[in-house]
Amino acid sequence: MRLPVADTRTTTRQGLAFLKGHAGQLAVVVLVQSLAAVAALAMPWLLGRLVDSVATGTTAAEVDRTALWLVAAVVAQTLLAAWAHRASLVLGEQLFAELREDFLRTVTHLPLSTVERAGTGDLLGRTTNDIDRVQWVLRFGIPALLVGATTVALTYGAAFLVDWQVAIGLLVGLPLLWWSARRYLRKAMPAYLADSAAFADINGVVTENVEQAGTVDALSLGRQRRRRSDGAMADAWHWEVVTIWLRVHLFRSLELSFVLPLGAVVVWGAFLIENDLASIGAVTTVALYAMQVRAPFTELLMWIDELQVAAASLARIFGISLVEPDRTARDERPRGAELTARGVRYAYVEGKDVLHGIDLDLRPGERLAIVGPSGAGKSTFGRMLAGIHPPTGGSVTVGGVRLVDLPEEELRRQVALVTQEHHVFVGTLADNLRLADAGVDDAGMRRALDAVDALDWVDRLEDGLQTEVGSGSLELTPAQAQQLALARLVLLDPHTLVLDEATSLLDPRAARHLERSLSNVLAGRTVVAIAHRLHTAHDADRVAVVEGGRIVELGSHDELVAAGGEYAALWASWQQD
Ligand code: ADP
C-alpha cells in the first residue's frame, strides 16, 4: 500500500488556495516587475527612434538627449528589477515556510496504522526529496515565473505598439513553441511522478537495509536485499533517462523557435522598408525585442519544466492530507477512568485476525501484567488499549467513551503507550518537554524531570533546560532519552499507562536506574505491563495470559500458580532458570 497522491485538480485547487492568501504580495511583485519591464522596453524603442532620426538627419544635441534617456532607462530598470526581485524572494520564502509548516502538521497527525502499512520510505521521500523540489520552485521559481511572464507579455505588447506589421514576424516561432511545450507538458507529469516514486522506493529500500542490517545478516538476506536495491536503482535510472530526454527534445525545439522569429522580422522588415510600409527604426526596435524576449522566455520555460517536477512533488505532498483519518473525534468526554475492552479483534491483514475477541476490565489503579509466548498478540492488544489503532472489531472504552472517539490530546491525557522506542527531537530540552504540554513553565518542567530522577544531570548541564540536544548537538544516552520521554509522560499525566518492553533493551545498570524513574511515573496510575520478565508479573496485582490472540487465564499471581495452568507452568520453568 502506498500513501495517496493528489490528482491534478486537487493539486491545482489546493495550490491556488495556498497562493490566494498572498494575493496582495503577488500583485506588488507583478506591478513592480511590470514597471521594470517597461523601462527595459524603452531602450530598443529609443534606439529605433535614434536610427530613424539619424537616417533623416539630426543634431548632436538630439543624440545626446536620447543617450541620457537611455541611461535613465537603464538606471530605472536596474532599481525596479532589484526591488521586484527582493519582494518576490520574500514571497517565495514565506510560501515555502507556510507549506512546510502545514505539511509537518499533517504528517505528525497521520494515523499511525496508515504510516506503518505504507512503510516509512514513502513518507520519508515526501518529507525530503519532494519538499526539496518544491522548495526550489517556491523560493526561486514562482518569482522567476512572475518576472518572466510579465516581461514576455509586455515585450510582445510593445512590439505590436511600435509597428504591428513588423511585429507579425515575431509570431513565426509561436506554433512550434506551443506544439513542443504542449507535447512536453503532457508527457512530463507522469514521467516525473514515476521518477519521484522510484526515488522514494530507493529511499525505502536503503533505509530498511540500514535499519535492519542485523536482521538481513542474521537471515542471510544479503543477496535478496541487494537484488531489491539494484531493481529500485534501475527503475530510478530508467525514469531519470526518460525525463532527461524529454528535456533535451524540448530545448532543441525552443532554440529553433527563437531563431525563426528573429530571422523573420529582419527579412519581413526589409521587405516592408523596401515598400515604404515601415521605418528602419521600427524594424530595429522589433528585432531588438525579438532578441530581448529570448532570455525571459527560456527562463519561463525552464521554470515551467521545474514547475512540472514540483507539481508532481506537490501532488505527493498534498496527497498526505488525503489520508483518511482512522478515527473521528466526537464531543463526548469520559465519565471516569475505567478502561474496558469488549470483544476486541484486530487484523493487520484483512481476514487474518491476530486478536480473537478479547474482553478485559481494568480496575483503576491496578497493575496488570500481560504474559504469553512471542507472537501471541500482547503488543497488538497493548496498542488497542492505548488507542494507537482502532480495533477492527469490538471496542476499547474509557469512562464509557470509545478511545477512537476522543480527540488526540484528550486521548493522551487518558492513556499512553510507553515503548522502548524513544526519540530525542532536535531542539532544547525544554522544547522536547513542551511537546507534551505547550504551556508548561520552567518550574513545571523541573518538577517533571525531578519526578523521573533526571533533574541532577540536567542541572549539571551548562545551559540546563536550554541545552540543545538531538542529532548534531548533545547526544543523550539511551537512559537519559528514556527519562526525557518519561518526563513528558509526567507532564501529559494520563491515568493509565501501557508499557511495552519499556526497559528491556537497556543495559541492566541503566535499567535499574530507569525502573526507579519509571516507578515514580507509575505511582497512582493504572498500569498494563506487557511482561517479558516474569518478576514483573509476580509483582502485579493481576496477570493476564495471552495465547493465540485470546486471554486464556486471568487472576492474581497466587491464584494462577494455584490453578496449575499455563501460567503455573511458565512460572515453574522461569524459576528453574
Ligand atoms: P507479541 O507482542 O505477543 O509478541 P504481537 O502483537 O507483536 O505479539 O503479534 C501478534 C501477531 O501479529 C503475530 O503473528 C505477528 O506476526 C503479527 N503482527 C504484528 N505486527 C504486525 C504488522 N505490523 N503487520 C502484520 N502482522 C503483524
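Values below: all heavy atoms of this structure, side chains included; hydrogens, waters and symmetry mates excluded. All ligand and atom numbering here is 1-based and tracks the order in the structure.
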Does Arg225 have more than 12 heavy atoms from other residues, nucleotides or ligands lying within 6.0 Å of its CZ?
yes
Can you establish whether the number of heavy atoms outside Asp331 located under 6.0 Å from its atom CG is more than 12?
no
Do me a favour and list the nearest non-hydrogen protein atom to [atom] with residue, atom name and distance?
| atom | answer |
| --- | --- |
| atom 22 (C) of ligand 1 | Tyr348 CD2, 3.3 Å |
| atom 7 (O) of ligand 1 | Ser379 CB, 3.8 Å |
| atom 8 (O) of ligand 1 | Gly377 N, 3.1 Å |

Under 3.5 Å, is there a donor-acceptor pair between the Gln414 and Glu410 side chains?
yes
Determine if the distance from atom 15 (C) of ligand 1 to the closest protein heavy atom is below 4.0 Å.
no
Could you go through the side chain to side chain contact (heavy atoms under 4.5 Å, CB included) check for Arg363 and Asp541 one step at a time?
CA-CA 10 Å; Arg363 302 168 189 155; Asp541 298 320; over 6 Å; no
Should Thr10 and Asp7 be marked as a side-chain hydrogen bond (donor to acceptor under 3.5 Å, both in side chains) after you check the CA-CA gap, both sets of side-chain angles, and the distance that decides it?
CA-CA 5 Å; Thr10 317; Asp7 60 19; 2.4 Å; yes
Interfacing atoms of ligand 1 (cut-off 4.0 Å, heavy-atom, Pro373):
3 (O)
Look at Arg447 together with Asp450 and state whether they make a salt bridge at an N to O cut-off of under 4.0 Å.
no
Report yes or no: does Gly382 have a heavy atom closer than 4.0 Å to ligand 1?
no
Taking the non-hydrogen atoms of Gly375, is any one of them nearer than 4.0 angstrom to ligand 1?
yes
Record the part of Thr380 in heavy-atom contact with ligand 1 below 4.0 Å; permitted values are side chain, backbone, both and neither.
both
With respect to Val354, determine whether any N or O atom, backbone or side chain, lies less than 3.5 Å from an N or O atom of ligand 1.
no
Between the side chain of Thr428 and the main-chain N/O of Gln466, is any donor-acceptor distance below 3.5 Å?
no
